[in-house]
K.L.:
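Got a structure for you, written out below as structure tokens; questions coming shortly.
Counting begins at 1 with the first residue of the sequence. Hydrogens, waters and symmetry mates are skipped; everything else that's a heavy atom, side chains included, is used.
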Amino acid sequence: MDKNSIIEQWFLRYSDDIYKFLVYYTGNKDVEDLVQDVFLKALRSLESFEGRSQPKTWLLTIARHTAIDFARKNRLRNWLPDKWLAGVQSEEKTPEEILHLHAEQQALYQAVRKMKSAYREVLILRGIKGLSPKETAEILDWSENKVNVTMHRAMKAVKEHLMQDRKEMVGDAI
């Protein structure tokens, strides 16, 4: 089977997973170009795929690095005064917000978005995407133990954040 056919099959099978991961990771619903970049990078480096992990795991690793590179480039672009102010004021809605998820789900999503990047990455990969600790460790280039510890700490941080939000809501209602 040639490279194009393999990537085409993977695109049909995993593009939705890659899209959802990038939406959660970037907090932006407009990630189609990033999805395309992921599969172009995969096509260019298919020879380096050794098959030690699942194709999905390898593609999610590429997606993570693509998102990080994109964020770096945007940070540099946003230093221009006009764009910087627009970026500060921009609060694009995610697909979940557009679909008017229940208040608890929205609160959870917002809490995840406010976590530091290591917590957010683990929460997305383990909690939302349902990957195993081993797959998550491969994607993040961490040990499985670090994945498990970070997941525990991230869940605790999200719980504390949600409890604080509830206290603030009750205080505002009084």
K.L.:
CD1/I62 to OG1/T57 distance, rounded to the nearest 0.5 angstrom?
P.N.:
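With rounding to 0.5 Å, CD1 (I62) is 11.0 Å from OG1 (T57).
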K.L.:
For a quick test of reading the model, state the closest non-hydrogen atom pair linking A63 to V38 and the distance between them.
P.N.:
CA-CG2, 3.5 Å
K.L.:
Got L123 and I128 here, is their nearest side-chain heavy-atom distance under 4.5 Å?
P.N.:
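No; the side chains remain at least 4.5 Å from each other.
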K.L.:
With side-chain contact (heavy atoms from CB on, under 4.5 Å) as the criterion, how do Y14 and F21 come out once you've worked through the C-alpha distance, each side chain's angles and the decisive distance to 0.1 Å?
P.N.:
CA-CA 11 Å; Y14 303 118; F21 169 79; over 6 Å; no
K.L.:
Is there side-chain contact between V112 and Y24, with at least one heavy-atom pair below 4.5 Å?
P.N.:
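Sidechains of Y24 and V112: no contact.
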K.L.:
Does some side-chain heavy atom of L34 sit less than 4.5 Å from a side-chain heavy atom of Y19?
P.N.:
no
K.L.:
If you look at every heavy atom in R126 and T136, which pair is closest and at what distance?
P.N.:
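Minimum heavy-atom contact is CD-OG1, 3.3 Å.
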K.L.:
If I take atom NZ from residue K56 and atom CG from residue L59, how far apart are they, to the nearest 0.5 angstrom?
P.N.:
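Here the rounded value is 10.0 Å.
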K.L.:
Quick check: do F70 and Y25 have side-chain heavy atoms less than 4.5 Å from each other?
P.N.:
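When only atoms from C-beta onward are counted, Y25 and F70 do not touch, as no gap falls below 4.5 Å.
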K.L.:
For a quick test of your reading: what N or O donor-acceptor pairs under 3.5 Å do the side chains of residues 45-53 make, sequence neighbours left out?
P.N.:
unit_1: S45; atom_1: OG; unit_2: K41; atom_2: O; d: 2.8
unit_1: E47; atom_1: OE2; unit_2: K3; atom_2: NZ; d: 3.0
unit_1: S48; atom_1: OG; unit_2: S45; atom_2: O; d: 2.6
unit_1: E50; atom_1: OE1; unit_2: R52; atom_2: NE; d: 2.7
unit_1: E50; atom_1: OE1; unit_2: R52; atom_2: NH2; d: 2.6

K.L.:
Could you measure the distance from the CD1 atom of I139 to the CG atom of L125? Nearest 0.5 Å is fine.
P.N.:
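Atom-to-atom, I139:CD1 and L125:CG are 5.0 Å apart.
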K.L.:
Are V31 and L40 connected into the same hydrophobic cluster when the rule is that any two of I, L, V, M, F, W, Y join if their side-chain heavy atoms are below 4.5 Å apart?
P.N.:
no
K.L.:
E138: what forms a side-chain hydrogen bond (donor to acceptor under 3.5 Å, both in side chains) with it, not counting sequence neighbours?
P.N.:
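If we apply the side-chain hydrogen bond (donor to acceptor under 3.5 Å, both in side chains) test to E138, skipping adjacent residues, there are no hits.
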K.L.:
Applying side-chain contact (heavy atoms from CB on, under 4.5 Å), name anything that partners K114, two or more places apart in sequence or on another chain.
P.N.:
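H161.
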K.L.:
Please report, to 0.1 Å, the donor-acceptor pairs under 3.5 Å made by any side chain of residues 144-157, with sequence neighbours excluded.
P.N.:
unit_1: N148; atom_1: ND2; unit_2: E144; atom_2: O; d: 3.3
unit_1: T150; atom_1: OG1; unit_2: K146; atom_2: O; d: 2.7

K.L.:
If I compare all heavy atoms of A111 with all of V158, which pair ends up nearest, and what's the gap?
P.N.:
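Smallest heavy-atom distance, with atoms named: CB-CG1, 4.1 Å.
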K.L.:
Between atom CD1 of I124 and atom OG of S117, what is the distance when rounded to the nearest 0.5 Å?
P.N.:
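Going from CD1 on I124 over to OG on S117, the span is 10.0 Å.
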K.L.:
Out of curiosity, D17 CG to K20 NZ, how far, rounded to the nearest 0.5 Å?
P.N.:
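Spacing of CG (D17) from NZ (K20) equals 6.5 Å.
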K.L.:
Distance check, rounded to the nearest 0.5 Å: T66 atom OG1 versus Q36 atom CD?
P.N.:
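CD of Q36 is found 11.5 Å from OG1 of T66.
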K.L.:
Would you say that more than 12 heavy atoms from the other residues, nucleotides or ligands in this model lie under 6.0 Å from the NZ of K129, or not?
P.N.:
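Yes, NZ of K129 has more than 12 neighbouring heavy atoms, counting only those of other groups under 6.0 Å.
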K.L.:
If you define the side chain from C-beta out and look only at heavy atoms, does anything of R64 sit under 4.5 Å from L60?
P.N.:
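Heavy-atom side-chain distance check fails, nothing below 4.5 Å.
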K.L.:
In the structure I gave you, are the side-chain heavy atoms of K159 and M163 within less than 4.5 Å of one another anywhere?
P.N.:
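Yes, close enough: below the 4.5 Å cut-off.
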K.L.:
Test of understanding: with ring pair (Phe, Tyr, Trp, His ring centres under 6.0 Å), list the residues that count as partners of Y119, not counting sequence neighbours.
P.N.:
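Partners of Y119 by the ring pair (Phe, Tyr, Trp, His ring centres under 6.0 Å) criterion come out as none, since no residue qualifies.
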K.L.:
For D2, give me all partners under side-chain contact (heavy atoms from CB on, under 4.5 Å), at least two apart in sequence or on another chain.
P.N.:
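So D2 forms a side-chain contact (heavy atoms from CB on, under 4.5 Å) with N4, S5.
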K.L.:
Which pair of heavy atoms, one from E135 and one from Q54, lies closest together, and at what distance?
P.N.:
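Closest heavy-atom pair between E135 and Q54: OE2-CG, 4.4 Å.
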K.L.:
Between V122 and W142, is the side-chain contact (heavy atoms from CB on, under 4.5 Å) condition met? List the steps.
P.N.:
CA-CA 11 Å; V122 170; W142 292 355; 3.2 Å; yes
K.L.:
Is any side-chain heavy atom of D69 closer than 4.5 Å to a side-chain heavy atom of R72?
P.N.:
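The answer is yes, as the side chains (C-beta and beyond) meet within the 4.5 Å cut-off.
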K.L.:
Decide side-chain contact (heavy atoms from CB on, under 4.5 Å) for N28 and V23; before the verdict, give the C-alpha distance in whole Å, the side-chain angles of both, and the deciding distance to 0.1 Å.
P.N.:
CA-CA 5 Å; N28 187 344; V23 167; over 6 Å; no
K.L.:
Do F11 and I18 have side chains that get closer than 4.5 Å, going by heavy atoms?
P.N.:
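Not in contact.
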K.L.:
Answer yes or no: are there more than 12 heavy-atom neighbours, outside E32 itself, under 6.0 Å from its atom CD?
P.N.:
yes
